[in-house]
Amino acid sequence: MGDRAPRTFAGLASGQVGMLRELHIRQFALIDALEQGFAGGFTAITGETGAGKSILVDALALLLGERAVGDWIRTGADEAAVEAVFEPPEPVMRQVAARLDGVLQPGDPLILKRVLSRAGRNRAYLNGSPVPLSLLEEIGELLVDIHGQHAHQSLLHPSHHLLFLDAFGGIAEDRGAFQSLFTEYRDLRRQREEIETRERERAEKEDMYRFQLKEIDDLKLVDGEDDKLRQEAQVLTHSEKLSAGASEAHALLAEGEPDAAVLLSRARALLKDLSAIDPRLSETAEMLEQARLLAVEAGSGLRAYLEGIEFDPERQREVQERLFQIERLKKKWGGTVSDILARAETIRNVLAETETAGERREALVRRIDQISSDLDREAAALTSKRKKAAAFLEKRIGEELKALGMPHARLTVRFSPVESDPAWNGAGSETAEFLFSANPGEEPRPLARIASGGEISRVMLALKSLSIAASPVPVLIFDEVDAGVGGAVASAVGERLKRLSRGAQVFCVTHLPQVASLADTHLRVEKEVRKDRTITSVRALSQTERVEEIARMLGGKSVTPVTRRHAEEMLEKGAGQI
């Protein structure tokens, strides 16, 4: 019973939408080791008084989040383990896959496991991976409803009652449409709040934004001008040095007696004459001519430069001041003029958005008002349908409870208005809670406060008999459902369990032959002493063994030919019921 890799099962029961396939128990209570497979339909679990018929229910309850009890670990063992293999319905598989980041594939089973340790290291696993126990509990609520002394019952939670009523009344589609409309309303409200928040923030900063934009625009910045200004400032700062150096260079080139151009010309003439003797000097003579032309050009350039350069303290102050202003904005908005210009564009967009936000907000308000009116109307329609469904449910559940041996029991639906503004939520304008009274004169109380496990089980059986679709949990387990009943009521219980098994996998721990005879599969819990140790085991009964077990349930330990014939008749009759 170690950690198993996910498996894919073939040959599922026809029409079975999700089921418990296997249960493995090790060192739990009186069970040494048990590996039990299950079929679809209706399974009865029987056994003699004291055999521990509810031990499978206890094990599943533990697996699905029941608080661990120390004496559940078998005497002499350090650990107890319970593992269940489920073939989940598709909606459950989608939800679980979402929680597990999609590691499950279509057709994979769900393998839930819980290990108790005397050392206190209790552990939970899902398909071999460690998970919080809360996740097993969450998934278990999608897979199993246990009705009896255990709290793992979806319909004991008032939050499920409105869902059940809507499904029972055939208004789940109306509820879904209302939910979609409400979701749109909520999203639009959120958008409006975001716009209003941004409007308030922009209003608080608008003066600052306009000041910043004016500060940038007033400079009339040009991208890259700071580099040009720095170059100009450098020239203005060193204008005297530049003028002196350029004057000396110009004198050398163009003011000497003779000047550089004349000297280069003379040298060229000499080499040109000599090249008549040695042609190799022709190239050098040509180079001197080019140098002479360049010297003339350089002299002209220096003369023009000297005419243009001047020491201008006023212009120097202007350049330094503009550079100062640019550097100041750089420290605020970025390292370059491009960053400053980008900041100005961002501010313009923010201010432009302020001008259009009001129009968008008004359009949202108009749409919100329209949807709010639609929701008021649809919520009122839902309320009307729910009240009709509640009245019909109360009548039908009364009939079911009477047939199940509770002639004075009644179930009522209490509606409470939604305490919010506006006065509806995603489900409508009310919540619903089922209240129950078992006897005349008793004030109806919430289902969770029903004291008797048998009463709880029969109420749940009655509710589920009325509408399987209202609670699409695929595995239903009833423990003590037949407590204190017999005769015709026992047959009624069995018939309803049989009917439930058409759309779900149903297990019932029972001591009534009327119930057990209707089952598709019959498990017997047995307790025996081996080597001074008490051991509980579970086994599926053959048809012959079923006759003997039903006969025992009819007549006690003394099985007679009469009780055996009666048992055969009951099984034949049960086999004929669909």
Side-chain angles (χ1 to χ4, degrees), residues 1-4 19-39 43-86 109-125 128 133 136-137 140 143-144 146-152 453 475 477-480 505-511 516 519 521-542 545 549 552:
M1 201 175 107
D3 296 340
R4 292 173 171 81
M19 61 187 298
L20 171 63
R21 301 293 298 189
E22 300 175 20
L23 183 63
H24 305 267
I25 304 174
R26 177 170 54 83
Q27 303 298 337
F28 177 81
L30 295 178
I31 293 179
D32 182 22
L34 181 147
E35 295 195 6
Q36 184 67 50
F38 302 104
T43 297
I45 302 172
T46 66
E48 294 185 359
T49 301
K53 293 188 291 296
S54 296
I55 200 164
L56 298 183
V57 182
D58 292 336
L60 272 173
L62 173 72
L63 182 66
L64 302 176
E66 187 86 358
R67 187 174 64 87
V69 178
D71 59 8
W72 275 351
I73 301 177
R74 184 167 169 78
T75 301
D78 294 326
E79 289 187 342
V82 180
E83 180 180 71
V85 180
F86 290 91
L110 288 182
I111 305 175
L112 282 63
K113 181 179 180 181
R114 189 174 180 189
V115 179
L116 302 184
S117 171
R118 291 194 188 278
R121 297 187 301 273
N122 297 338
R123 305 181 298 280
Y125 300 89
L133 179 60
L136 286 195
E137 186 174 7
L143 293 169
V144 180
I146 299 177
H147 302 289
Q149 300 181 44
H150 307 278
H152 191 79
V475 181
I477 299 175
F478 292 90
D479 190 13
E480 290 192 3
Q505 185 183 28
V506 175
F507 294 86
C508 181
V509 177
T510 182
H511 67 278
T521 303
H522 193 150
L523 303 179
R524 176 179 166 84
V525 178
E526 300 172 337
K527 185 166 64 175
E528 60 180 320
V529 177
R530 300 178 190 168
K531 298 181 180 179
D532 298 326
R533 294 294 304 274
T534 302
I535 296 176
T536 293
S537 60
V538 180
R539 64 187 183 89
L541 300 182
S542 66
E545 290 172 326
E549 178 67 2
R552 181 197 63 79

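Start at 1 with the first residue, then count along the sequence. Bear in mind that the values here come from a model prediction, so they are computed numbers and not experimental data.
Shown are Leu20, Val57, Thr521, Leu56; of these, the side chain to side chain contact (heavy atoms under 4.5 Å, CB included) with Phe507 is made only by Leu20. The only member of Val475, Leu143, Thr43 that meets side chain to side chain contact (heavy atoms under 4.5 Å, CB included) when paired with Gln505 is Val475.
Separation of atoms CD (Glu83) and CD (Glu22) is listed at 8.0 Å; rounding is to 0.5 Å. Note that CD1 of Ile535 and CG of Leu30 are 9.5 Å apart. Values are rounded to the nearest 0.5 Å. From Leu523, atom CG reaches atom CD1 of Ile45 across 5.5 Å, with rounding to the nearest 0.5 Å. Rounded to the nearest 0.5 angstrom, Lys527 NZ and Glu48 CD are separated by 10.0 Å. To the nearest 0.5 Å, the span separating CG on Asp58 from NZ on Lys53 amounts to 12.0 Å. In this structure, Ile31 CD1 and Arg74 CZ are separated by 9.5 Å, a value rounded to the nearest 0.5 Å.
Here the shortest heavy-atom pairing between Ala540 and Glu545 reads O-OE1, 4.0 Å. Smallest separation of non-hydrogen atoms from Thr536 and Ile55: CG2-CG2, 4.3 Å. The nearest pair of heavy atoms linking Ala77 to Gln27 is CB-OE1, 3.6 Å. When all heavy atoms of Leu133 and Gly65 are compared, the pair lying nearest together is CD1-CA, 4.3 Å. His522 and Thr46 get closest at one heavy-atom pair: NE2-OG1, 2.8 Å. Heavy-atom minimum distance, Ala81 versus Val115: CB-CG2, 4.1 Å.
Val82 places a side-chain heavy atom less than 4.5 Å from the side chain of Leu23. Residues Ile477 and Ile146 have side chains in contact (heavy-atom distance under 4.5 Å, counting atoms from C-beta outward). Residues Thr75 and Arg533 form a side-chain contact, since some pair of their non-hydrogen atoms from C-beta on lies under 4.5 Å apart. Two residues are said to be in side-chain contact when any heavy atoms from C-beta on lie closer than 4.5 Å; Glu35 and Arg26 fail this criterion.
The pair Glu66-Arg114 does not count as a salt bridge, with every side-chain nitrogen at least 4.0 angstrom from each carboxylate oxygen.
In this structure, the side chain of Asn122 engages the main chain of Ser117 through a donor-acceptor pair within 3.5 Å. Using modelled atom types, one side-chain atom of Arg118 and one backbone atom of Ile73 make a donor-acceptor pair closer than 3.5 Å.
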Between Leu34 and His24, does a side-chain contact (heavy atoms from CB on, under 4.5 Å) hold up when you go through it step by step? CA-CA 6 Å; Leu34 181 147; His24 305 267; over 6 Å; no

